[in-house]
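Throughout, protein chains are lettered first and strands after them, A, B, ... in sequence-line order, and every chain is numbered starting at 1. FYI, side chains are in, hydrogens and waters are out, and symmetry mates aren't considered; it's all heavy atoms of this structure.
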Amino acid sequence: MPYTTNDIKRVEEKWQAYWSEHKIFKAEMDLKKQKYYVLEMFPYPSGKIHMGHVRNYTIADVIARYKMMRGYNVMHPMGYDAFGQPAENAAIKRNTSPSEWTYKCIDDMRAGLRKMGFSYDWDRELATCDDSYYKWNQWIFLKMAEKGLAYKKGSPVNWCPSCATTLANEEVIDGACWRCKELVIQKDLEQWYLKITHYSESLLEDLKKLNNWPSRVVAMQENWIGKSFGADIFFKVKGTEDVITVFTTRPDTIFGATYVTLAPEHPWVKKLAKGTSQEAAVAAFIEKSANISKSLRMSGALLGNAERKEGVFTGGYAINPVNGETIPVWTGDYVLMEYGTGAIMAVPTHDQRDFEFARAHHLPMRVVIQDPKNPDLAPEQMTKAYEDAGALVNSKHFNGTLNEEAKKKISVWMQESKMGRVSVHWRLRDWLISRQRYWGAPIPMIYCKACGIVPVPYDQLPVKLPKNAPITGEGGSPLAKVKEFVDVKCPKCAADARRETDTMATFFDSSWYFLRYCSAHNDREIFDVKEAAYWMPVDQYIGGIEHAILHLLYSRFFTKFLKDLGLVGVAEPFDRLLTQGMVLKDGEVMSKSKGNVVDPDEVISKFGADTLRMFILFAAPPEDQLEWNPAGLEGNWRFLNRVWNTVEARYVKGATLAVAMDAQDKKLELERNAAVKKVTESMEGGFKFNTAISAIMVLMNAVDKYQGPAVKPALLNKAIETAVLLLAPFVPHVAEEMWQAMGKADKTIAFVPWPSYSEEALKTETVRIAAQVNGKVRAEFEVPRDADEAVLRSIVLADEGVQRHTAGKDIKKFIVIKNKLVSIVV
RNA sequence: GCUGGAGUGGCGGAAUGGUAUACGCGUCGGUCUCAAAAACCGAUGUUCGCAAGGGCGUGUGGGUUCGAGUCCCACCUCCAGCACCA
């Protein structure tokens with residue numbers, strides 16, 4: 001009887017109900033048992049689940065179920081990253097409230113997740129927009145403020161005109177808003193920051209511990225943190241005792257510095273120009289630069305473009321400390337105020353950007369490093385900067401020193417003679433978290449005229465988000481318009497005061513949710529320390545590569561902070577990370593705008609969740625992109641049918657073990673053991689689900705070939721049972737149903753021990769070997785296992801096919817690779 | 001430019017330095033059927049040959065080795081991230 005659409009619906013609903021009613025996947029701390037924490041990146045509830053979610057969560061579910069069968073105490077939770085701007089937009093569009101819309105979406109998502117049969121502990125479900133959750137956001141914020149890690153400062157910030165809110169550096173992609181793609185501009189605002197830079201060193205250093213993270217994610221974080229070693233060098237302003245400090249990673253080129261360039265925003269630019277003939281030109285340049293947004297200045301359009309390296313002479317001069325030379329100070333828009341000291345020493349001969357600027361503005365150049373391949377390097381002839389290694393010239397007593405060595409020597413020398421100091425600069429900046437939005441956690445601060453900025457006392461948390469804020473999408477914090485929210489008494493002096501009306505960036509919410517899952521409904525504390533000590537770290541985290549920097553970096557930061565508070569014992573939250581590939585259709589990412597979306601619901605109603613799961617796992621390794629292929633889906637559907645039919649037609653309940661095994665029996669046992677070995681190794685060696693499933697297919701092919709009057713029902717049963725057990729993590733519903741149909745006593749297959757295999761059973765009496773002559777395969781033989789060289793010589797050299805290639809030639813070597821091949825050299 | 005990764009049949013993809021193309025899809029042929037679908041069986045890198053058998057094949061060019069998709073060197077192409085970060 002085929003496995004019909006009706007069967008699918010009946011079977012899948014039956015087992016989903018069973019798992020749910022009996023809380024099969026409820027996880028409880030048990031110190032006697034080895035824990036395993038499987039986590040997928042929780043979804044933003046924007047509607048129903050899509051194929052990307054299906055892939056992400058199916059991967060996680062197979063891992064969770066596999067680990068359960070291996071005897072681990074598995075925690076596999078799910079929740080919703082529920083704050084965020086789309087809810088506000090949806091509320092305006094549909095004339096509803098962000099809260100109503102979000103909770104409706106959560107219901108839809110939950111239903112979709114249940115239909116996929118995922119093994120979640122639903123008792124731990126959480127949504128970040130619940131005040132029972134964001135209360136602890138506020139708690140963390142206050143703790144950070146106490147430690148000086150949350151602070152307010154005024155500075156130019158990234159501003160998205162379309163979203164009418166600020167953005168973190170990490171949220172600006174190619175100069176545009178990560179969400180709406182609008183070009184980001186700079187705006188001077190007072191905003192809240194988290195001092196992630198306090199942890200720069202350990203965020204970088206601890207990347208080395210993350211051996212089970214994809215190397216590209218580690219590399220991306222490394223780049224983002226961006227540690228540069230070099231020197232700060234003090235250039236005296238000519239005619240004063242004042243100093244301009246520049247940062248360089250190339251102190252070896254200090255003798256080649258022919259001018260200094262300051263960022264247009266650098267405070268010395270105006271000071272130097274004042275009263276000189278350059279004053280007007282400098283003022284005009286500063287104005288012009290300010291009008292070109294930073295995002296444009298930093299975007300690819302200006303890169304490596306000499307024409308665009310704009311700048312003017314400030315009218316002032318500086319003294320190069322190492323040789324006392326007076327050199328001009330320029331301002332140029334290729335120097336960024338945000339990085340280093342906002343000032344550079346320009347060495348046009350050995351830095352391409354300086355070279356372009358110097359050529360554009362006719363500034364002097366001097367060679368201080370000789371190219372060993374072209375020892376007559378001269379500025380007039382250079383068409384680009386020489387940035388490679390070489391020995392120093394024109395550098396006084398450092399002449400002849402190789403530049404890598406000179407970097408250290410010159411830094412030390414300058415430090416000793418107080419001309420500069422060895423220094424390190426970071427690319428990472430503090431994290432701007434204020435958002436002028438409604439649908440987020442209120443920042444728990446109060447402004448009092450007398451007392452200044454006053455934290456909300458802990459016992460007044462949560463600061464609840466008012467329900468009635470007017471959301472127009474037109475900018476400005478909606479909370480500022482809610483009088484009963486804004487008006488508050490100062491906790492210190494009880495005078496009239498005003499609440500902070502900005503909310504937290506939603507990445508704050510997701511930076512610690514994995515800890516909250518450890519005791520999701522604890523209303524006394526952020527989480528139970530003992531529970532967290534047991535469950536953390538997350539053993540396997542699964543999610544999209546798009547979170548390689550933001551979310552993962554912030555989560556690492558929060559974990560380090562909470563560790564410093566003594567609340568968690570681990571410095572890193574995620575032991576293993578798997579970034580799943582995207583789901584494509586016709587070579588493009590599925591998206592509503594492209595109209596190439598495949599709805600999981602439709603696939604489920606036709607083929608069932610199990611077929612969908614299996615196709616997604618089989619069609620590509622989990623990290624790779626996956627091309628949607630309807631024919632492939634049907635192939636997996638056919639396979640599940642074959643297994644189902646085999647259980648129905650050939651499984652014999654109560655068959656007892658046969659005594660003697662013939663060749664056919666041994667072959668089946670061999671295939672059974674080989675399949676268990678291969679599937680187990682595919683799982684243990686990095687979750688190669690595609691090869692795991694192919695090994696189960698090979699086993700089923702062997703079962704199909706096991707036919708005829710000599711079939712031993714007990715052996716056949718064993719092979720079928722093994723196949724069903726191996727399939728259980730992948731296709732849990734149909735596996736449960738078949739397990740029950742075979743009359744097994746277990747109430748669920750979920751915790752039946754994973755099958756084992758024996759190496760002995762894999763050893764056949766004879767093996768098939770190949771014979772190579774001069775590296776080419778010329779014949780194949782069936783020979784006794786572990787046959788020695790003498791035996792093999794007699795068999796192989798007597799072979800006609802081999803002799804054709806060896807006849808009349810000397811055999812120089814006869815190499816034996818046991819049970820694999822022989823290689824003859826003539 | 002820097003960083004990370006990938007190039008294997010018609011397609012998705014397999015291969016601890018040891019018989020390249022497992023498994024699946026597709027295609028072709030067959031069984032069953034009045035017919036079709038489904039299901040089942042078989043074939044399927046390319047080329048020369050009636051056949052036996054041989055040549056060539058994992059982006060390109062070299063190298064190491066009895067033996068290289070795999071290791072080393074140099075390149076090409078593609079994907080991704082970062083990017084006037086001094």
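Look at B:U3: its Watson-Crick or wobble partner, with both distances under 3.5 angstrom, is B:A80. Pairing for B:A74 goes to B:U60, judged as Watson-Crick or G-U wobble with the two contacts each under 3.5 Å. Summarising the base pairing, B:A86 is matched to no nucleotide, lacking a Watson-Crick or G-U wobble pair whose two defining distances lie under 3.5 Å. Partner assigned to B:G24 is B:C11, using Watson-Crick or G-U wobble distances below 3.5 angstrom. In this structure, B:C34 forms no base pair with any nucleotide, since neither Watson-Crick nor G-U wobble geometry is met with both distances under 3.5 Å. When Watson-Crick and G-U wobble pairs are counted only if both distances are under 3.5 Å, B:U65 pairs with no nucleotide at all. Base-pair partner of B:G49: not found among the strands shown (Watson-Crick or G-U wobble, both distances under 3.5 Å). Partner assigned to B:G29 is B:C41, using Watson-Crick or G-U wobble distances below 3.5 angstrom.
Comparing the same atom, P, in B:U31 and in B:G67 gives a spacing of 49 Å after rounding to whole Å. The same atom, C1', is picked in B:A74 and in B:A86; the two are 32 Å apart, to the nearest Å. Only the P atoms considered, B:C82 is 34 Å distant from B:G17, to the nearest whole Å. Comparing the C1' positions of B:C23 and B:A35 gives an interatomic distance of 34 Å, to the nearest angstrom. Nucleotides B:C11 and B:U27 are separated by 11 Å at their C1' atoms, to the nearest Å. Comparing the same atom, C1', in B:U70 and in B:U16 gives a spacing of 11 Å after rounding to whole Å. Straight-line distance between the P atoms of B:A37 and B:G30: roughly 13 Å, to the nearest whole Å. One C1' atom belongs to B:A14, the other to B:A20, and the distance between them is 10 Å to the nearest Å.
Taking every heavy atom of both residues into account, A:Ile225 and A:Leu207 meet most closely at CD1-CD1, 4.4 Å.
When each of A:Asp624 and A:Asn629 is assigned the nucleotide of RNA chain B with its nearest heavy atom, A:Asp624 is the one assigned upstream, toward the 5' end. Comparing A:Ile344 and A:Ile545, the nucleotide of RNA chain B nearest to each residue sits closer to the 5' end for A:Ile545.
The side chain of A:Arg804 lies closest to B:G53, out of B:G53, B:G13, B:A86. In this structure, of B:G18, B:G54, B:C23, it is B:G54 that holds the atom nearest to the side chain of A:His805. For A:Phe618, taking side-chain heavy atoms from C-beta onward, the closest of the listed nucleotides B:A20, B:C23, B:C66 is B:C23. Checking B:A86, B:U3, B:G67 against every side-chain atom of A:Ala219, the shortest atom distance belongs to B:U3. Nearest to the side chain of A:Ala770, among B:G24, B:G81, B:U19, sits B:U19. In this structure, of B:C23, B:A15, B:A86, it is B:A15 that holds the atom nearest to the side chain of A:Lys678. Of the listed nucleotides (B:U19, B:A86, B:G24), B:G24 has the atom at the smallest distance from the side chain of A:Met697. Closest approach to the A:Arg216 side chain among B:G18, B:G4, B:C40 is made by B:G4 (side chain taken as heavy atoms from C-beta onward). Among the nucleotides B:C23, B:A86, B:G42, the one closest to the side chain of A:Lys705 is B:G42. If you check B:A83, B:G13, B:C25 against the side chain of A:Pro621, the one that comes closest is B:G13.
Counting to the nearest Å, the P atom of B:G81 and the CG atom of A:Leu550 are 13 Å from each other. Rounding to whole angstrom units, CZ of residue A:Arg427 and P of B:C2 are separated by 17 Å. Residue A:Glu338 contributes atom CD, which lies 14 Å from atom C1' of B:A86 at whole-angstrom precision. In this structure, A:Trp644 atom CH2 and B:A38 atom P are separated by 22 Å, rounded to whole Å. When the C1' atom of B:A39 is taken as reference, atom CE of A:Met700 falls 15 Å away, rounded to whole Å. Between A:Leu727 atom CG and B:G24 atom P there is a gap of 14 Å when expressed in whole angstrom units. We find that CZ of A:Phe235 is positioned 17 Å from P of B:A86, with the value rounded to whole Å. With rounding to whole Å, A:Asp333 atom CG is found 9 Å from B:C84 atom C1'.
Here A:Asn690 reaches the OP1 or OP2 of B:A14: one of its side-chain N or O atoms lies under 4.0 Å away. An OP1 or OP2 oxygen of B:G24 is reached within less than 4.0 angstrom by a side-chain nitrogen or oxygen of A:Asn701. For A:Lys776 and B:C56, the shortest distance from a side-chain N or O to OP1 or OP2 is below 4.0 Å. The phosphate of B:C23 (OP1 or OP2) has no side-chain N or O of A:Thr691 nearer than 4.0 angstrom. OP1 and OP2 of B:A86 both lie 4.0 Å or more from every side-chain N or O belonging to A:His350. The phosphate of B:A86 has OP1 or OP2 within less than 4.0 Å of a side-chain N or O from A:Ser228. Taking side-chain N and O atoms only, A:Arg778 has a distance below 4.0 Å to OP1 or OP2 of B:G54.
No side-chain donor-acceptor contact under 3.5 Å links A:Asn403 to the backbone of A:Ala389. With hydrogens and angles disregarded, no donor-acceptor distance shorter than 3.5 Å links the side chain of A:Arg785 to the backbone of A:Asn819. Although no hydrogens or angles enter the test, the distance criterion places a donor-acceptor pair under 3.5 Å between the side chain of A:Arg613 and the main chain of A:Phe730. A:Gln580 contributes no side-chain N or O that, together with a main-chain N or O of A:Ile59, makes up a donor-acceptor pair within less than 3.5 Å. Of the possible donor and acceptor atoms, one in the side chain of A:Arg55 sits under 3.5 Å from a partner among the backbone N and O of A:Gly581.
Residue A:Met614 holds its CE atom at 4.5 Å from CZ of A:Phe639, rounded to the nearest 0.5 Å. For the atom pair A:Asn690 CG and A:Leu617 CG, the distance stands at 9.0 Å (nearest 0.5 Å).
Within 4.0 Å of A:Glu780, counting heavy atoms only, lies at least one base atom of the nucleic acid. As judged by a 4.0 angstrom heavy-atom cut-off over every strand, A:Gly226 is placed among residues making no nucleic acid contact. Using a 4.0 Å heavy-atom criterion, one finds that A:Ser215 contacts the sugar-phosphate atoms exclusively. Among the protein residues, A:Arg638 comes within range of the sugar-phosphate backbone only, with heavy atoms under 4.0 Å from sugar or phosphate atoms but none that close to a base.
Contact check on A:Asp704 versus A:Arg642 returns a salt bridge, with a Lys/Arg side-chain nitrogen under 4.0 Å from an Asp/Glu carboxylate oxygen. In this structure, A:Arg429 does not pair ionically with A:Glu338, as no charged nitrogen and carboxylate oxygen lie closer than 4.0 Å.
Not a single donor-acceptor contact under 3.5 angstrom links the side-chain atoms of A:Gln352 to the base of B:G1. A donor and an acceptor atom sit less than 3.5 Å apart, one in the side chain of A:Lys820 and one in the base of B:U16.
In this entry the base of B:G9 is syn relative to its sugar, with a glycosidic angle within 90° of 0.
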